[in-house]
Student: 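Next up is a structure, given as structure tokens.
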Amino acid sequence: MREGAPDCPLAVDTMDNASSAAYGAYFERLYIIQEEKVMYQGGRGPEGYKISELRTWLDQYKTRLQSPGTVVIQV
């Protein structure tokens with residue numbers, strides 16, 4: 001993840017599952033969050049993971065960033 005999108009913040013839970021305990025997460029899920037908005041929510045994992053679906057979203061996002069009409073402003 002860091003190699004493909006080095007400027008992308010990455011958040012993971014600790015080995016003691018502190019986030020899971022604090023927020024009542026019962027199933028693992030893959031999320032993409034931008035500007036405090038959930039842009040992608042994967043299925044319940046690990047059986048519900050659709051890595052190809054996640055890859056498609058990331059590829060489309062990368063294409064949008066690289067298109068000449070897109071302006072990216074980092075603050």
Student: Could you state the interatomic distance from CD (Q41) to CD1 (I32), rounded to the nearest 0.5 Å?
Tutor: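 Atom-to-atom, Q41:CD and I32:CD1 are 11.5 Å apart.
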Student: Please examine the side chains of Y61 and M39, heavy atoms only from C-beta on, and report whether any two atoms are closer than 4.5 Å.
Tutor: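 No - every pair of side-chain heavy atoms lies 4.5 Å or more apart.
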Student: Is the CZ atom of R29 crowded by more than 12 outside heavy atoms at less than 6.0 Å?
Tutor: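 For R29, atom CZ is crowded (more than 12 foreign heavy atoms under 6.0 Å).
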Student: State plainly whether one hydrophobic cluster holds both Y49 and W57, where clusters connect Ile, Leu, Val, Met, Phe, Trp and Tyr through side-chain heavy atoms under 4.5 angstrom apart.
Tutor: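 Yes, same cluster.
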Student: Determine, using the 4.5 Å side-chain heavy-atom cutoff (strictly less than), whether Y31 and I51 are members of one ILVMFWY cluster.
Tutor: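 No, Y31 does not connect to I51 through the hydrophobic network.
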Student: Rounded at 0.5 Å granularity, tell me how far OG1 in T63 sits from CG in L58.
Tutor: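 Nearest 0.5 Å value for the OG1-CG distance: 10.5 Å.
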Student: Is there a path of hydrophobic side-chain contacts, each under 4.5 Å between heavy atoms of I, L, V, M, F, W or Y residues, that connects L54 with V38?
Tutor: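 As far as the 4.5 Å side-chain criterion goes, V38 and L54 are not connected within one cluster.
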Student: Please report the interatomic distance CG(D59) to CZ(R64), rounded to the nearest 0.5 Å.
Tutor: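 Output value for this atom pair is 11.0 Å.
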